[in-house]
Number of protein chains: 2
Amino acid sequence: MKQAGRGPRERMVFSAAQLIRRNGVTATGMREVAAHADAPRGSLQHYFPGGKEQLVNEAVEWAGRYAGKRVARFLAELEHPTPGGLFAAMAAQWTDEYAADGFTAGCPVAAATVDCATGDSTRQAAAAAFAAWRAPVAGALTDMGVPADRADSLATLMISTLEGAILMARAERDERSLTTAVRELGPLLDAAVRP
Amino acid sequence: MKQAGRGPRERMVFSAAQLIRRNGVTATGMREVAAHADAPRGSLQHYFPGGKEQLVNEAVEWAGRYAGKRVARFLAELEHPTPGGLFAAMAAQWTDEYAADGFTAGCPVAAATVDCATGDSTRQAAAAAFAAWRAPVAGALTDMGVPADRADSLATLMISTLEGAILMARAERDERSLTTAVRELGPLLDAAVRP
DNA sequence: CGGCTACTATGACCGGTGTCATAGTCGATC
DNA sequence: GATCGACTATGACACCGGTCATAGTAGCCG
């Protein structure tokens with residue numbers, strides 16, 4: 001992913017997401033975030049007066065928006081968009097990363113959901129992130145001809161399965177769960193397009 | 001779930017799993033585990049000379065064995081066992097818990113995978129737990145008539161989807177993702193039984 | 001220049017962490 | 001009863017976390 005170039009505030013949010021998805025929320029320190037972003041430590045309390053909770057929440061929301069925008073890019077790259085093809089592209093993002101950088105990181109939204117030592121606001125941020133992710137997926141499905149009442153369900157299923165497969169792949173250090181999910185779920189998704 | 005009655009060592013492992021799945025690994029303290037298990041603090045270093053890492057690993061392994069044994073019980077309770085019925089039973093365990101106790105806890109194996117501040121041994125324990133969970137599921141599928149080469153894939157898919165749906169349900173405080181997974185994935189699973 | 005705002009720099013504080021060291025208790029066995 | 005092992009109890013240690021407080025700098029505007 002891209003790094004510097006933006007302002008220090010955006011860099012810190014990005015670095016927080018990066019570290020959270022690698023080590024978890026509680027295990028990620030504020031000083032660590034500042035160092036990773038090459039940002040001064042004093043800027044933390046300036047840009048994030050709400051403390052760690054605010055920083056974590058913004059990182060999670062950022063991740064949700066990022067995943068949502070990513071869907072549009074996947075669609076643009078597909079010649080003949082199908083639900084199964086979209087799902088394969090979403091999973092491929094992870095298999096590519098794992099092949100390149102190792103199984104060191106997961107989804108920051110998942111990390112924030114599991115590691116909810118911070119208050120309830122982080123949970124809400126995670127829910128918002130999932131919503132910001134699911135909406136474009138469901139929209140893409142309807143555009144492909146999936147009936148409206150099933151599009152949201154299938155989008156939920158896609159994200160659920162993807163998250164679980166990411167989790168399992170990390171634990172096993174093997175992308176098998178991701179490829180399996182694509183192989184088994186693809187036909188089901190493609191079969192949902194209105195004839 | 002059951003509590004006391006066992007020896008203090010087993011109680012501590014159980015309490016660790018309980019707290020981990022609620023708050024995450026890093027956010028769970030050793031003193032906290034001892035207090036939750038009504039066990040003396042001094043027993044920690046006695047029973048777990050390997051420190052927190054050992055305790056966490058044993059908790060994760062315990063969770064994997066628990067999930068594996070649970071599969072057999074689900075099968076016994078089903079009159080006409082089908083893949084979709086098994087999956088529904090696995091998901092119902094979570095919807096029931098969430099309806100009764102609120103969305104306060106997730107899967108300890110997922111927590112250990114995401115919150116991997118502890119060394120690589122915890123990751124291995126998580127992988128072992130997934131294996132101990134997947135094996136009986138795959139075995140059950142073959143017993144129901146699923147071809148051997150697909151049984152393991154579908155078991156992986158079931159666990160992936162379930163884990164992701166648990167995650168999403170917790171974030172959204174809504175069991176929708178779980179019920180959706182059952183509804184959408186059930187027919188696919190049942191269709192895999194050899195005719 | 002003076003003043004104001006945005007941002008940076010550092011150090012201190014308090015609470016909590018895992019771990020260690022030491023001493024104490026209990027119970028069985030010889 | 002004495003001895004030994006298993007287990008418990010408690011305090012101290014070193015460390016790191018987030019946060020606060022205070023001072024410093026840079027740049028713009030009047």
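In this text, all values refer to a predicted model and were calculated from it rather than measured experimentally. All chains are named by letter (A, B, ...) in the order of the sequence lines, taking the proteins before the strands, and each is independently numbered beginning at 1.
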Next on the checklist: Show me the pairs that pass salt bridge (Lys or Arg N to Asp or Glu O under 4.0 Å) and involve residues 165-189 of chain A, at least two apart or across chains.
Outcome noted: A/Glu172-A/Arg176, A/Glu172-B/Arg134, A/Arg173-B/Asp120, A/Arg176-B/Asp152, A/Glu184-B/Arg150
Item to check | Length of the CG-P vector between A/Leu55 and D/dT19, whole Å | outcome: 10 Å
Checklist entry - A/Met12 CE to C/dC7 P: how many Å, rounded? => result 10 Å
Next on the checklist: Can you pull out every salt bridge (Lys or Arg N to Asp or Glu O under 4.0 Å) where at least one residue sits in residues 38-56 of chain A? Sequence neighbours excluded, please.
Outcome noted: none
Item to check | B/S/- contact track for nucleotides 6-18 of chain D, protein heavy atom under 4.0 Å | outcome: SBBBBBB----BB
Checklist entry - Considering the terminal five base pairs at each end of the helix from C/dG15-D/dC16 to C/dC30-D/dG1, what angle separates the two local helix axes, rounded to 10°? => result 20°
Item to check | Partners meeting ring-ring contact (aromatic ring centres under 6.0 Å, His included) with B/Phe103 (sequence neighbours left out) | outcome: B/Tyr98
Next on the checklist: Could you tell me how far apart B/Glu53 (CD) and C/dT17 (P) are, to the nearest whole angstrom?
Outcome noted: 19 Å
Next on the checklist: A/Thr26: which residues meet the side-chain hydrogen bond (donor to acceptor under 3.5 Å, both in side chains) condition with it, sequence neighbours left out?
Outcome noted: A/Asp115
Checklist outcome for this item: Sorted by chain and number, sequence neighbours left out, side chain to side chain contact (heavy atoms under 4.5 Å, CB included) with B/Ala126 holds for A/Ala171, B/Val60, B/Val109, B/Thr113
Next on the checklist: Taking side chain to side chain contact (heavy atoms under 4.5 Å, CB included) as the definition, give me every residue that meets it alongside B/Ala39, ordered by chain and number, with sequence neighbours left out.
Outcome noted: B/Arg11, B/Met12, B/Ala37
Checklist entry - Quick one: side-chain hydrogen bond (donor to acceptor under 3.5 Å, both in side chains) partners of A/Thr179, sequence neighbours excluded? => result none
Next on the checklist: For residues 57-67 of chain B, which residue pairs pass the salt bridge (Lys or Arg N to Asp or Glu O under 4.0 Å) check, not counting sequence neighbours?
Outcome noted: B/Arg9-B/Glu58
Give each protein N/O atom lying under 3.5 Å from an N/O atom of nucleotides 25-29 of chain C, with the pair distance.
none

Checklist outcome for this item: Rounding to 0.5 Å, atoms CD (B/Glu10) and OG (B/Ser15) come to a distance of 11.0 Å
Checklist entry - With sequence neighbours excluded, what pairs up with A/Arg31 under the salt bridge (Lys or Arg N to Asp or Glu O under 4.0 Å) test? => result none
